[in-house]
K.L.:
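After the structure tokens below, expect a handful of questions from me.
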Amino acid sequence: MEKICLDFEAALDFLRGEPKTIEKLGFYADREEICITSTTLFHLFETVTKREVVGAFANSVTVLPFDRRSAQIAASINRELDEQGYMHGGTESVLTAAVCIANDALLFSKSFEKFDGIRGLKKV
């Protein structure tokens, strides 16, 4: 079973009931483990007014932690992107990518361009 990790925008679209996201996630839900990162969960609690909705969502998925290994990977990603001159999608994208890489999870995003230049990141 693969881990499918939603980035913030994909998770937010799911909570809003965006049909394309719901349909695509439905394809994976029965066969794969749906995840979000702890940083995505933070951002959802910060953004979504109905905290109970975020809590219920978090209880229905696996929350992958931003831990020591993720921090080391994130620092490496930042160095590589800076050396290559990439204009990446910011800290949130780097943290999400690092957690995905650390947990061997596939990234589910609607804005993959934010993750350009990140080696080792697998996407669906």
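Because only heavy atoms are used, hydrogens play no part in the values below, and waters and symmetry mates are left out as well, while side chains stay in. In what follows, residues are counted from 1 in the order of the sequence shown.
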K.L.:
Is there a side chain to side chain contact (heavy atoms under 4.5 Å, CB included) between L64 and I36? Walk through the geometry before answering.
P.N.:
CA-CA 6 Å; L64 302 174; I36 59 173; over 6 Å; no
K.L.:
Do L15 and L44 have side-chain heavy atoms sitting under 4.5 Å apart?
P.N.:
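Yes; the side chains approach each other to less than 4.5 Å.
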K.L.:
Do the side chains of E9 and K114 get close enough for a salt bridge, i.e. N-O under 4.0 angstrom?
P.N.:
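So E9 pairs with K114 through a salt bridge.
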K.L.:
Under the 6.0 Å and 45° cation-pi test, does K123 pair with F115?
P.N.:
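Checked: cation-pi criterion not met.
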K.L.:
Is the number of heavy atoms from other residues, nucleotides or ligands under 6.0 Å of R31 CZ greater than 12?
P.N.:
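Yes.
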K.L.:
Kindly say whether S93 contributes a backbone atom to a donor-acceptor pair with the side chain of T96 at under 3.5 angstrom?
P.N.:
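The answer is no, because no donor-acceptor pair under 3.5 Å joins these two groups.
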K.L.:
Is V124 close to Y28 at the side-chain level, that is, under 4.5 Å between some pair of heavy atoms?
P.N.:
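With C-beta onward as the side chain, the pair touches.
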K.L.:
Could you state whether L121 and F108 fall into the same hydrophobic cluster, counting links through intermediate Ile, Leu, Val, Met, Phe, Trp or Tyr residues with side-chain heavy atoms under 4.5 angstrom apart?
P.N.:
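No.
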K.L.:
Does F8 have more than 12 heavy atoms from other residues, nucleotides or ligands lying within 6.0 Å of its CZ?
P.N.:
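Counting other residues, nucleotides and ligands, CZ of F8 exceeds 12 neighbours.
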K.L.:
CD of E23: more than 12 outside heavy atoms within 6.0 angstrom?
P.N.:
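No, the 6.0 Å shell around CD holds no more than 12 heavy atoms from other groups.
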K.L.:
Quick one: pull up OG in S38 and CG in L95 and give me the separation to the nearest 0.5 Å.
P.N.:
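Answer for the OG-CG pair, S38 versus L95, is 8.5 Å.
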K.L.:
Would you say the side chain of E92 lies within less than 4.5 Å of the side chain of H43, judging by non-hydrogen atoms?
P.N.:
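Yes, at least one pair of side-chain atoms sits under 4.5 Å.
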K.L.:
Evaluate the criterion side chain to side chain contact (heavy atoms under 4.5 Å, CB included) for residue pair N78 and T91; output intermediate values, then yes/no.
P.N.:
CA-CA 9 Å; N78 262 344; T91 302; 5.9 Å; no
K.L.:
Tell me if a side-chain donor or acceptor on S109 pairs with a main-chain N or O of S111 at a distance below 3.5 Å.
P.N.:
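Yes, because the side chain of S109 sits within donor-acceptor range (under 3.5 Å) of the backbone of S111.
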K.L.:
Given T40 and L6, is the side chain to side chain contact (heavy atoms under 4.5 Å, CB included) satisfied, shown in steps?
P.N.:
CA-CA 8 Å; T40 294; L6 284 64; over 6 Å; no
K.L.:
Nearest 0.5 Å please: distance from the CG atom of D67 over to the CD atom of Q72.
P.N.:
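Here the rounded value is 9.0 Å.
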K.L.:
With side chain to side chain contact (heavy atoms under 4.5 Å, CB included) as the test, would you mind laying out the steps for C100 and L107 before giving the verdict?
P.N.:
CA-CA 7 Å; C100 286; L107 177 67; 4.1 Å; yes
K.L.:
Taking everything shown except F45 itself, do over 12 heavy atoms lie less than 6.0 Å from its CZ?
P.N.:
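It does: F45 CZ has more than 12 such atoms within range.
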K.L.:
Same cluster or not: are I4 and F112 linked, directly or through other Ile, Leu, Val, Met, Phe, Trp or Tyr residues, by side-chain heavy atoms under 4.5 angstrom apart?
P.N.:
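They do not share one cluster, since no chain of ILVMFWY contacts under 4.5 Å joins I4 to F112.
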K.L.:
Does a salt bridge link K110 with D13, judged by any charged N lying under 4.0 Å from a carboxylate O?
P.N.:
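Judged by the 4.0 Å cut-off on N to carboxylate O distance, K110 and D13 do form a salt bridge.
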K.L.:
Under the 3.5 angstrom rule, does the side chain of T21 hit a backbone N or O of G17 as a donor-acceptor pair?
P.N.:
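No; zero donor-acceptor contacts below 3.5 Å.
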K.L.:
Salt bridge check, K3 against E32: does any charged N sit closer than 4.0 Å to a carboxylate O?
P.N.:
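K3 and E32: not salt-bridged.
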K.L.:
Is a side-chain donor-acceptor pair under 3.5 Å present for T39 with T37?
P.N.:
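Side-chain D/A pair, T37 to T39: present.
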